Engineer: 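Okay, handing you the structure first.
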Amino acid sequence: MEKILYINSCIRENSRTNYLAKYLLSKLKGDITELVLDNTIKPLDLKSLERRDYLLANKEYNAKEFDLANMFKSYDVIVIASPYYDLSFSALLKNYFENINCVGLTFGYNDKGMPYSMSKAKKLYYVTTAGGYIINDDFGFGYIKALANTFYEIKDIKYIKAEGLDIVGADVLDILNKAKEKIDMMEEKQ
Ligand SMILES: Cc1cc2nc3c(=O)[nH]c(=O)nc-3n(C[C@H](O)[C@H](O)[C@H](O)COP(=O)(O)O)c2cc1C
């Protein structure tokens with residue numbers, strides 16, 4: 001049975017992004033663990049960076065500072081949900097990436113300076129919803145795709161988005177239903 005990690009960086013209680021991600025998850029086969037991101041996940045500062053460098057240098061990979069990294073590296077499938085914030089994704093999600101991207105633990109560099117994965121995941125889904133239109137997919141999905149490709153050698157990456165939800169007069173249910181139909185088609189092909 002595949003292990004699926006759902007990284008939920010949706011903030012609002014009635015998040016449309018979480019709603020779509022949950023629909024996607026209902027179509028996937030595997031054991032699902034949900035990780036709800038909140039502001040206990042801090043960005044690196046001088047103190048935490050120095051501590052992390054020390055722990056990595058001493059190969060203390062079981063330190064609590066690496067709980068999120070150790071969790072991430074043990075999952076087969078990653079599902080990430082984030083609302084479209086300021087042309088990209090939420091800062092909560094960026095904080096999470098800063099915490100899990102640890103050289104020597106979740107990924108490494110070979111002699112030629114090229115990154116390689118030390119994590120299990122082979123497949124990733126990214127789900128987002130936007131109030132208006134996503135002006136350039138590269139700023140959100142594109143970044144996540146590059147990260148997954150480069151550090152984690154994940155080739156199978158899928159993108160689910162619903163746009164225009166906050167435009168006056170938008171038929172929100174219809175937009176979400178169309179995104180759900182796309183999920184159905186995507187998963188039927190698997
Ligand atoms: C802090 C913040 C920033 C946002 N930035 C954008 C934006 O740059 N472009 C856009 O189209 N919508 C933007 N929105 C609207 C959200 O993308 C939209 O409401 C989305 O569906 C929220 O997802 P949720 O229902 O999962 O919370 C922003 C909303 C918030 C709260």
Side-chain angles (χ1 to χ4, degrees), residues 2-45 48 68 71-72 75-101 121 123-150 152 154 156-188 190:
E2 281 195 318
K3 282 173 67 187
I4 302 170
L5 179 60
Y6 173 37
I7 301 161
N8 178 356
S9 76
C10 305
I11 294 170
R12 296 185 321 115
E13 195 181 346
N14 293 319
S15 160
R16 285 86 55 102
T17 320
N18 181 44
Y19 171 79
L20 274 188
K22 289 274 164 74
Y23 184 76
L24 167 68
L25 288 163
S26 76
K27 302 274 155 183
L28 303 183
K29 288 180 192 70
D31 264 348
I32 300 166
T33 301
E34 178 172 358
L35 174 67
V36 179
L37 305 188
D38 61 25
N39 58 16
T40 60
I41 301 172
K42 304 281 185 216
L44 289 167
D45 60 14
S48 57
L68 289 172
M71 182 188 201
F72 175 84
Y75 280 81
D76 306 296
V77 178
I78 307 294
V79 175
I80 299 175
S82 177
Y84 183 60
Y85 279 179
D86 304 329
L87 311 188
S88 182
F89 47 76
S90 69
L92 284 182
L93 185 57
K94 186 65 170 68
N95 287 350
Y96 174 77
F97 289 138
E98 247 180 39
N99 277 266
I100 63 154
N101 297 329
K123 186 168 191 169
L124 182 144
Y125 294 85
Y126 178 63
V127 183
T128 193
T129 71
Y133 293 97
I134 295 173
I135 61 139
N136 187 335
D137 288 321
D138 285 347
F139 300 151
F141 172 67
Y143 166 83
I144 285 164
K145 189 174 175 205
L147 189 78
N149 275 164
T150 312
Y152 299 111
I154 301 173
D156 190 351
I157 300 173
K158 300 228 156 44
Y159 184 28
I160 295 133
K161 61 178 171 177
E163 297 170 282
L165 292 173
D166 297 337
I167 296 171
V168 178
D171 188 341
V172 171
L173 265 186
D174 185 58
I175 295 169
L176 292 175
N177 280 334
K178 289 202 166 95
K180 284 163 72 178
E181 281 168 21
K182 286 197 183 132
I183 292 172
D184 290 342
M185 285 187 325
M186 187 184 273
E187 287 313 300
E188 270 162 25
Q190 295 299 300

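We count ligands from 1, going down the list as the structure has it; atoms in each ligand are counted the same way. Bear in mind the structure is a predicted one, so any value in this text is a computation, not a measurement.
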Engineer: Taking 4.0 angstrom as the limit and counting only heavy atoms of Asp86, give me the atoms of ligand 1 inside it, by number and element.
Structural biologist: 3 (C), 4 (C), 5 (N), 6 (C), 7 (C), 8 (O)

Engineer: Taking 4.0 angstrom as the limit and counting only heavy atoms of Pro83, give me the atoms of ligand 1 inside it, by number and element.
Structural biologist: 22 (C), 23 (O)

Engineer: With a cut-off of 4.0 Å, which atoms of ligand 1 are near a heavy atom of Thr129?
Structural biologist: 17 (O), 20 (C), 21 (O), 22 (C), 23 (O), 26 (O)

Engineer: Please identify which atoms of ligand 1 are closer than 4.0 Å to at least one heavy atom of Gly132.
Structural biologist: 10 (C), 11 (O), 12 (N)

Engineer: What atoms of ligand 1 come closer than 4.0 angstrom to any heavy atom of Thr17?
Structural biologist: 23 (O), 24 (P), 26 (O)

Engineer: Whether Lys161 and Asp137 form a salt bridge (side-chain N of Lys/Arg under 4.0 Å from carboxylate O of Asp/Glu) is what I want to check.
Structural biologist: yes

Engineer: Within a reach of under 6.0 Å around OH of Tyr19, are more than 12 heavy atoms found that belong to other residues, nucleotides or ligands?
Structural biologist: no

Engineer: Please identify which atoms of ligand 1 are closer than 4.0 Å to at least one heavy atom of Arg12.
Structural biologist: 24 (P), 25 (O), 27 (O)

Engineer: Among all protein heavy atoms, pick out the one at the shortest distance from atom 17 (O) of ligand 1; state its residue, atom name and that distance to 0.1 Å.
Structural biologist: Tyr84 O, 2.7 Å

Engineer: Is any NZ, NE, NH1 or NH2 atom of the basic residue among Lys178 and Asp171 found under 4.0 Å from an Asp or Glu carboxylate oxygen of the other?
Structural biologist: no

Engineer: Is there a heavy atom in Cys10 that sits closer than 4.0 Å to ligand 1?
Structural biologist: no

Engineer: Quick one: nearest non-hydrogen protein atom to atom 15 (C) of ligand 1, plus distance?
Structural biologist: Asp166 OD2, 3.4 Å

Engineer: Just going by heavy-atom distances, which of Tyr19, Tyr133, Tyr85 is nearest to atom 29 (C) of ligand 1?
Structural biologist: Tyr85

Engineer: Mind checking whether Gly131 has an N or O less than 3.5 Å away from an N or O of ligand 1?
Structural biologist: yes

Engineer: Salt-bridged, Asp184 to Lys182, with N to O below 4.0 Å?
Structural biologist: no

Engineer: Would one find an N or O of Leu87, backbone or side chain, under 3.5 Å from an N or O of ligand 1?
Structural biologist: yes

Engineer: Answer yes or no: is there an ion pair linking Glu187 with Lys158, defined by an N-O contact shorter than 4.0 Å?
Structural biologist: no

Engineer: I need the single residue from Asn8, Ile80, Ile7, Ile11 that forms a side chain to side chain contact (heavy atoms under 4.5 Å, CB included) with Leu37. Which is it?
Structural biologist: Ile7

Engineer: List the atom of Glu98, the atom of Leu44, and the distance in Å for their closest heavy-atom pair.
Structural biologist: OE1-N, 2.8 Å

Engineer: Pick from Phe89, Tyr84, Tyr159: which one makes a ring pair (Phe, Tyr, Trp, His ring centres under 6.0 Å) with Phe141?
Structural biologist: Tyr159

